[in-house]
Amino acid sequence: MSGKVYLIGAGPGDPELLTLKAHRLLIDADVVLYDRLVGEEIIELIPDTAEKMYVGKAKSLHSLPQNEINSLLARKAKEGKKVVRLKGGDPFIFGRGGEEIEELVEEGVSFEVVPGVTAAAGCAAYAGIPLTHRDYAQSVRFLTGHLKDGTTELPWEELVHPAQTLVIYMGLTGVVEISASLQRFGMSKAMPVAIVEKGTTKQQRVFTSDINHIAQVAAENEVKSPALLIIGEVVLLQNTLSWFN
Ligand code: SAH
């Protein structure tokens with residue numbers, strides 16, 4: 001009997017943001033492989049009978065390289081197990097979910113993908129920042145501030161565009177460069193920016209500033225990862241719409 005891999009988005013932190021499907025599969029799992037971004041309270045939902053494996057992030061000593069995670073998933077499923085691969089947010093948004101299931105396809109292992117609340121949606125909601133709003137933004141772009149080769153080279157020109165909200169994942173390390181580049185390509189120095197640290201969790205912190213000062217604000221407040229940058233006029237609404245904490 002062959003098993004199956006469930007690639008599941010755990011959402012940004014608040015355990016109540018797990019979908020019913022994610023929860024059902026998680027409490028029935030034989031093996032759970034999880035990341036550093038999956039919240040503690042979600043890990044606690046894993047039954048004692050399941051084998052729990054922390055596979056962490058690529059750079060950490062206590063974690064597995066991506067190709068080993070991919071083959072471990074396939075191996076455990078071939079042992080006939082129900083394998084849950086739990087990822088922060090949504091598995092298909094900056095989550096390498098695609099890479100993990102490519103290998104399963106190659107090895108003929110069956111799988112399902114369960115979407116999760118991505119950090120952009122979770123952080124925006126819990127910070128009180130609608131990502132679109134008829135008066136301020138008709139489009140929203142999700143970007144990563146950290147490319148595979150370690151640089152932050154984004155299509156700056158396209159990003160300086162009226163009525164558009166930018167959400168930058170993994171943007172904390174590159175915040176100085178992101179802020180300088182956007183201004184160099186014409187973004188107003190006064191463009192509102194929010195930084196949301198540990199969004200949707202009890203430790204959530206939200207700082208608002210403008211594109212010219214955001215790096216300084218992040219440094220002064222010792223903002224740590226995971227943190228999300230939201231850039232655009234919608235950030236002005238945070239003053240009146242903030243509700244969490
Ligand atoms: N697949 C995930 C993203 C993984 S990339 C998703 O869909 O949300 C990791 C980045 O996501 C972090 O560097 C940070 O920018 C963002 N992130 C994830 N969880 C977050 C949280 N709770 N608060 C703020 N940012 C978060």
Side-chain angles (χ1 to χ4, degrees), residues 6-19 21-22 33-43 54-60 63 66 69 84-101 113-129 131 140-152 154 159 165-179 193-208 214-215 217-218 221-232 235 238 242 244-245:
Y6 300 91
L7 178 63
I8 297 179
D14 181 350
E16 290 197 286
L17 294 179
L18 274 178
T19 61
K21 188 165 189 174
L33 278 78
Y34 64 97
D35 272 2
R36 127 197 98 99
L37 276 179
V38 175
E40 196 55 46
E41 290 166 273
I42 293 171
I43 305 299
Y54 172 74
V55 292
K57 62 169 178 177
K59 285 181 206 143
S60 143
S63 66
Q66 188 65 51
I69 297 175
V84 165
R85 172 64 173 120
L86 199 57
K87 317 214 68 154
D90 180 272
F92 278 2
I93 298 182
F94 307 125
R96 301 187 188 174
E99 295 171 41
E100 297 186 4
I101 57 176
V113 183
V114 180
V117 174
T118 191
C123 294
Y126 282 53
I129 303 171
L131 294 179
V140 53
R141 284 181 80 146
F142 295 175
L143 303 134
T144 168
H146 187 87
L147 304 185
K148 211 171 176 179
D149 62 5
T151 63
T152 300
L154 292 168
L159 302 185
T165 305
L166 305 176
V167 180
I168 309 189
Y169 290 69
M170 295 169 274
L172 191 60
T173 320
V175 66
V176 170
E177 192 183 342
I178 290 166
S179 134
V193 181
I195 188 155
V196 184
E197 179 191 63
K198 298 195 176 66
T200 82
T201 71
K202 292 179 189 109
Q203 298 84 41
Q204 168 173 299
R205 295 198 295 164
V206 182
F207 301 98
T208 55
I214 193 66
V217 168
N221 292 285
E222 298 181 25
V223 174
K224 304 240 163 37
S225 180
L228 196 76
L229 295 174
I230 304 177
I231 304 174
V235 169
Q238 198 261 346
S242 147
F244 181 65
N245 274 355

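All residue numbers in this chain count up from 1 along the given sequence. Counting starts at 1 for both ligands and their atoms, in listed order.
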Could you tabulate the donor-acceptor pairs under 3.5 Å formed by side-chain atoms of residues 170-177, not counting sequence neighbours?
none

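In terms of modelled atom types and a separation under 3.5 Å, the side chain of Thr19 and the main chain of Ala22 share a donor-acceptor contact. Judged by distance alone, with hydrogens and angles left aside, the side-chain atoms of Lys87 form a donor-acceptor pair with the main-chain N or O of Gly95 at under 3.5 Å.
Between Lys202 and Glu40, no side-chain nitrogen of the basic residue sits less than 4.0 Å from a carboxylate oxygen of the acidic one, so the salt-bridge criterion is not met. Ion pairing between a basic and an acidic side chain is recognised when a charged N comes within 4.0 Å of a carboxylate O; Glu197 and Lys224 show no such pairing.
Atoms OG1 and OH, on Thr200 and Tyr126 in that order, are 6.0 Å from each other to the nearest 0.5 Å.
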Between ligand 1 and the protein, which N/O pairs are shorter than 3.5 Å?
residue  : atom   : partner : partner atom : Å
ligand 1 : 1 (N)  : Gly88   : O            : 3.0
ligand 1 : 1 (N)  : Asp90   : O            : 2.9
ligand 1 : 1 (N)  : Ile93   : O            : 2.7
ligand 1 : 7 (O)  : Asp90   : N            : 2.8
ligand 1 : 7 (O)  : Asp90   : O            : 3.4
ligand 1 : 7 (O)  : Ile93   : O            : 3.4
ligand 1 : 7 (O)  : Thr118  : OG1          : 2.6
ligand 1 : 8 (O)  : Thr118  : OG1          : 3.4
ligand 1 : 8 (O)  : Ala119  : N            : 2.8
ligand 1 : 13 (O) : Met170  : N            : 3.4
ligand 1 : 15 (O) : Met170  : N            : 2.8
ligand 1 : 15 (O) : Ala227  : O            : 2.7
ligand 1 : 22 (N) : Pro12   : O            : 2.9
ligand 1 : 22 (N) : Gly199  : N            : 3.4
ligand 1 : 22 (N) : Gly199  : O            : 3.1
ligand 1 : 23 (N) : Gly199  : N            : 2.8

